[in-house]
Amino acid sequence: RRATSALSNFMTSRRNTIALAIWLFFVVAHANPTEAALLTTIVGWDNSPVFSDPPSGFEYCGKVTTVFGVAMCVTANAWAAGEAKSSHVANVFYQLLDNDADGCVDDAAILDKMITGNYMLLLTDGSESVSDDSITASGVKQYGDLGTSEVYVNSCDVPSNRGAINTDRTTWAANADLTGKTCETSRDASTEEVLHLITEAAHVLYAAKWGNTFSSTVGAALSTANGDCGWGKDSNYLNPGTNGQCVGKYAYSDSTCDTACIVTEGIYWASVTYMGGLYTNTRTTGIKDEWLMGVPDSSMTALPSGVTNAATLQSGSPTLYALVSDATSADSVWLPTIMPDGKYIASPNCKSDSIWTLWYFIAALVVGGIILIVGASFLIYWCCCIKKRKNLHSESL
């Protein structure tokens with residue numbers, strides 16, 4: 001009777017365990033790992049960026065799209081400024097994620113982080129404000145914002161727009177003077193704000209090199225580049241572009257820009273410098289109170305002229321130059337090396353499979369573990385039952 005009771009209990013327990021295993025299998029195998037991600041049903045590309053009406057929960061958006069699956073929201077006022085600006089920003093987003101234009105994101109881990117971390121780019125008209133409560137209520141956990149008032153198509157910041165060749169650095173010096181150029185001299189902030197958002201993922205994934213502290217590799221290099229010019233956050237800022245004030249080449253006057261902000265901004269300055277996005281007389285003069293390494297290579301003449309602290313990035317900070325010029329190391333492939341012009345020429349046909357690979361690997365581990373436990377339990381109980389039966393049989397004799 002004891003053996004029969006034990007077997008009965010085990011069979012009941014085993015049925016429950018098997019039922020649990022089956023239930024977990026279906027939950028794990030059929031659940032969408034990105035079901036909490038943003039705008040998963042929105043088509044983002046069809047020969048050009050596609051903009052759709054926002055789904056429920058995104059009423060603060062006039063239109064929405066996705067860039068390799070990363071959400072982008074355009075407010076109604078921003079959309080009213082013209083689809084061309086929204087399309088330009090989306091194209092820049094594609095170019096920064098797929099800088100070599102092969103149809104695949106350059107760093108799948110960065111993309112996965114942005115999708116599963118619910119990142120979103122918010123495009124407003126530059127004067128309106130969208131409440132953080134509305135944004136977080138829609139599931140957004142990290143977002144960057146940009147105003148259409150800062151978006152300029154055909155900006156002179158792009159080497160090819162000012163007569164040079166984006167990938168031929170020898171053509172940049174001859175086109176640093178914008179006199180007589182037909183490109184837009186206003187700064188296009190699209191690359192900056194999109195790159196900031198991508199950099200937020202790099203801060204997390206590659207903290208040792210790209211972390212937003214002065215103890216990371218890039219943070220330490222940026223701190224060194226400050227020299228004795230100080231920071232607005234410490235109330236000791238000195239203008240590096242004013243001769244004789246300090247000896248630094250990077251300083252930030254904004255008192256609200258903390259260390260994380262300083263590092264993020266510095267990565268942008270260094271990266272866009274390497275891409276030739278600052279290499280004009282106009283731009284280097286306009287940013288001299290913050291950044292004095294707007295010319296990339298040591299073989300080039302530093303700008304703006306007449307400023308003592310001005311230097312090329314390669315000579316002024318060899319460490320920063322080495323960091324942003326390396327787009328092949330595993331923790332640096334996310335870096336762009338070609339300045340986006342808002343004309344993405346590829347067709348995004350590669351999507352990150354790592355999320356699904358990891359998900360099904362976890363699913364296999366869970367289900368396999370349960371089956372192993374059930375099998376082991378069955379053997380243990382079975383052996384116990386056989387032994388007890390033998391004992392009962394011996395006792396009856």
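Computed over heavy atoms, backbone and side chain alike; hydrogens, waters and symmetry mates excluded.
The side-chain heavy atoms of Leu313 and Val324, taken from C-beta on, include a pair separated by under 4.5 Å. Side-chain atoms of Ser317 and Met293, non-hydrogen and from C-beta on, do get closer than 4.5 Å to each other. With contacts defined as side-chain heavy-atom distances shorter than 4.5 Å, the pair Val74/Val64 does not qualify. Contact check for Asp258 versus Tyr252: no side-chain heavy atoms found under the 4.5 Å cut-off. Two residues are said to be in side-chain contact when any heavy atoms from C-beta on lie closer than 4.5 Å; Gln95 and Asp341 meet this criterion. Counting heavy atoms from C-beta outward, Asn166 and Met275 have side chains that stay 4.5 Å or more apart. With contacts defined as side-chain heavy-atom distances shorter than 4.5 Å, the pair Ser235/Tyr237 does not qualify. No side-chain heavy atom of Pro296 sits less than 4.5 Å from a side-chain heavy atom of Thr312.
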Is there a ring pair (Phe, Tyr, Trp, His ring centres under 6.0 Å) between Phe68 and Trp45 once you walk through the steps?
-> CA-CA 9 Å; Phe68 283 107; Trp45 183 271; 8.7 Å; no
Report the C-alpha distance between Leu122 and Thr75 in whole Å, list the side-chain angles of each, state the deciding distance to 0.1 Å, and finish with yes or no for side-chain contact (heavy atoms from CB on, under 4.5 Å).
-> CA-CA 8 Å; Leu122 173 65; Thr75 65; 4.1 Å; yes
Go through Trp334 and Trp210 one step at a time and tell me if the side-chain contact (heavy atoms from CB on, under 4.5 Å) criterion holds.
-> CA-CA 11 Å; Trp334 63 277; Trp210 300 106; 3.6 Å; yes
In sequence, state the C-alpha distance, the side-chain angles, and the governing distance for Glu193 and Leu195, and then conclude on side-chain contact (heavy atoms from CB on, under 4.5 Å).
-> CA-CA 5 Å; Glu193 299 308 327; Leu195 187 58; over 6 Å; no
Can you check side-chain contact (heavy atoms from CB on, under 4.5 Å) on Val194 and Tyr94, steps first, answer last?
-> CA-CA 10 Å; Val194 174; Tyr94 276 106; over 6 Å; no
Kindly determine whether Trp231 and Tyr250 satisfy ring pair (Phe, Tyr, Trp, His ring centres under 6.0 Å), including the steps that lead there.
-> CA-CA 9 Å; Trp231 307 107; Tyr250 173 44; 5.3 Å; yes
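Side chains of Thr280 and Thr282: a donor-acceptor N/O pair is absent below 3.5 angstrom, by distance only. No hydrogens or angles considered: a donor-acceptor pair under 3.5 Å links the side chains of Asn243 and Thr308. Under 3.5 Å, the side chains of Asp297 and Ser299 contain no donor-acceptor pair of N or O atoms. With 3.5 Å as the limit, one finds no donor-acceptor pair spanning the side chains of Thr213 and His203. Judged purely by distance below 3.5 Å, without hydrogens or angles, the side chains of Thr328 and Asp326 pair a donor atom with an acceptor atom. Side-chain atoms of Ser190 and Asp188 include a donor-acceptor pair closer than 3.5 Å. The closest side-chain donor-acceptor pair between Asn349 and Ser347, if any, does not fall under 3.5 angstrom. With hydrogens and angles left out, the side-chain atoms of Asp254 and Thr256 include a donor and acceptor closer than 3.5 Å. Asn77 and Glu128 share a side-chain donor-acceptor pair at under 3.5 Å. Side-chain N/O atoms of Ser253 and Glu290 include no donor and acceptor closer than 3.5 Å. Judged by distance alone, the side chains of Glu184 and Asn161 never bring a donor and an acceptor atom under 3.5 Å apart. Side-chain contact, Ser223 with Asn226: no donor N or O sits under 3.5 Å from an acceptor N or O.
Here the closest non-hydrogen pair linking Leu335 and Ala327 is O-CB, 3.7 Å. Across every non-hydrogen atom of Ser216 and Gly211, the tightest pair is OG-O, 2.7 Å. Contact detail for Ala81 and Thr148: the closest heavy-atom pair is CB-OG1, 3.8 Å. For the pair Leu238 and Asp228, the tightest heavy-atom approach, listed with the atom from each and the gap, is CD1-O, 3.9 Å. Contact detail for Ala346 and Ala101: the closest heavy-atom pair is CB-O, 3.5 Å. The shortest heavy-atom contact between Thr65 and Ile42 is CA-CG2, 3.9 Å.
Between the side chain of Thr285 and the backbone N or O of Asn281 there is at least one donor-acceptor pair closer than 3.5 Å. When atom types are taken as modelled, the side chain of Ser131 and the backbone of Ser134 share a donor-acceptor pair closer than 3.5 angstrom. Put simply, the side chain of Arg283 gets close to the backbone of Thr185: a donor and an acceptor are under 3.5 Å apart. Side-chain N or O atoms of Asn91 include none that pairs as donor or acceptor with a backbone N or O of Lys343 at under 3.5 Å. Here the side chain of Asp234 pairs no donor or acceptor atom with the backbone of Asn236 at under 3.5 angstrom. Judged by distance alone, the side chain of Thr264 and the main-chain N or O of Ala260 form a donor-acceptor pair under 3.5 Å. Side chain of Asn118 to backbone of Lys141: no donor-acceptor contact under 3.5 angstrom is found. Side-chain atoms of Thr171 come within 3.5 Å of backbone N or O of Asp168 as a donor-acceptor pair. Of the possible polar contacts, none joining the Lys249 side chain to the Ala225 backbone as a donor-acceptor pair under 3.5 Å is found. Side-chain atoms of Asn309 come within 3.5 Å of backbone N or O of Pro240 as a donor-acceptor pair.
At a threshold of 4.5 Å between side-chain heavy atoms, the hydrophobic network of Ile, Leu, Val, Met, Phe, Trp and Tyr places Val67 and Ile338 in two separate groups. Residue Leu121 is not grouped with residue Val50 when hydrophobic side chains (ILVMFWY) are merged at heavy-atom distances under 4.5 angstrom, including chains of intermediate members. When hydrophobic clusters are built by joining Ile, Leu, Val, Met, Phe, Trp and Tyr residues whose side-chain heavy atoms come closer than 4.5 Å, directly or via intermediates, Leu205 is grouped together with Leu97. No path of Ile, Leu, Val, Met, Phe, Trp and Tyr side chains, each step under 4.5 Å between heavy atoms, connects Leu292 with Val272, placing them in separate hydrophobic clusters. Residues Phe214 and Val218 fall within the same hydrophobic cluster, defined by Ile, Leu, Val, Met, Phe, Trp and Tyr side chains chained together at heavy-atom separations under 4.5 Å.
Here the straight-line distance linking atom CG of Asp102 with atom CG of Asp98 works out to 5.0 Å at 0.5 Å rounding. Rounded to the nearest 0.5 Å, atoms CG (Leu222) and CG (Asn212) are 11.5 Å apart. With rounding to the nearest 0.5 angstrom, the OG1 atom of Thr167 is 14.5 Å from the CE atom of Met339.
Residue Lys288 places its NZ atom among 12 or fewer non-hydrogen atoms of other residues, nucleotides or ligands, all under 6.0 Å distant.
A salt bridge between Glu200 and Lys113 is absent, with no side-chain N of the basic residue lying under 4.0 Å from a carboxylate O of the acidic one. Using a 4.0 Å cut-off between a side-chain N of Lys or Arg and a carboxylate O of Asp or Glu, Arg187 and Asp157 do not qualify as a salt bridge.
Taking Ile, Leu, Val, Met, Phe, Trp and Tyr as hydrophobic and joining them when side-chain heavy atoms fall under 4.5 Å apart, one finds Leu303 in a cluster with Trp172, Tyr279, Val295, Met300.
Under the rule for a salt bridge (charged side-chain N to carboxylate O under 4.0 Å, His left out), the partners of Lys209 that lie at least two apart in sequence or sit in another chain are Asp331.
Ring centroid separation for the pair Tyr268 and Trp291 does not come in under the 6.0 Å cut-off.
Between Phe58 and Tyr60, the ring planes lie tilted relative to each other; the angle falls in the 30° to 60° range. Taking the six-membered ring where tryptophan is involved, the planes of Tyr274 and Tyr321 are perpendicular, since the angle between them exceeds 60° and thus also 30°.
Both cation-pi conditions hold for Lys85 and Tyr152: the charged atom is under 6.0 angstrom from the six-membered ring centre and inside a 45 degree cone around its axis.
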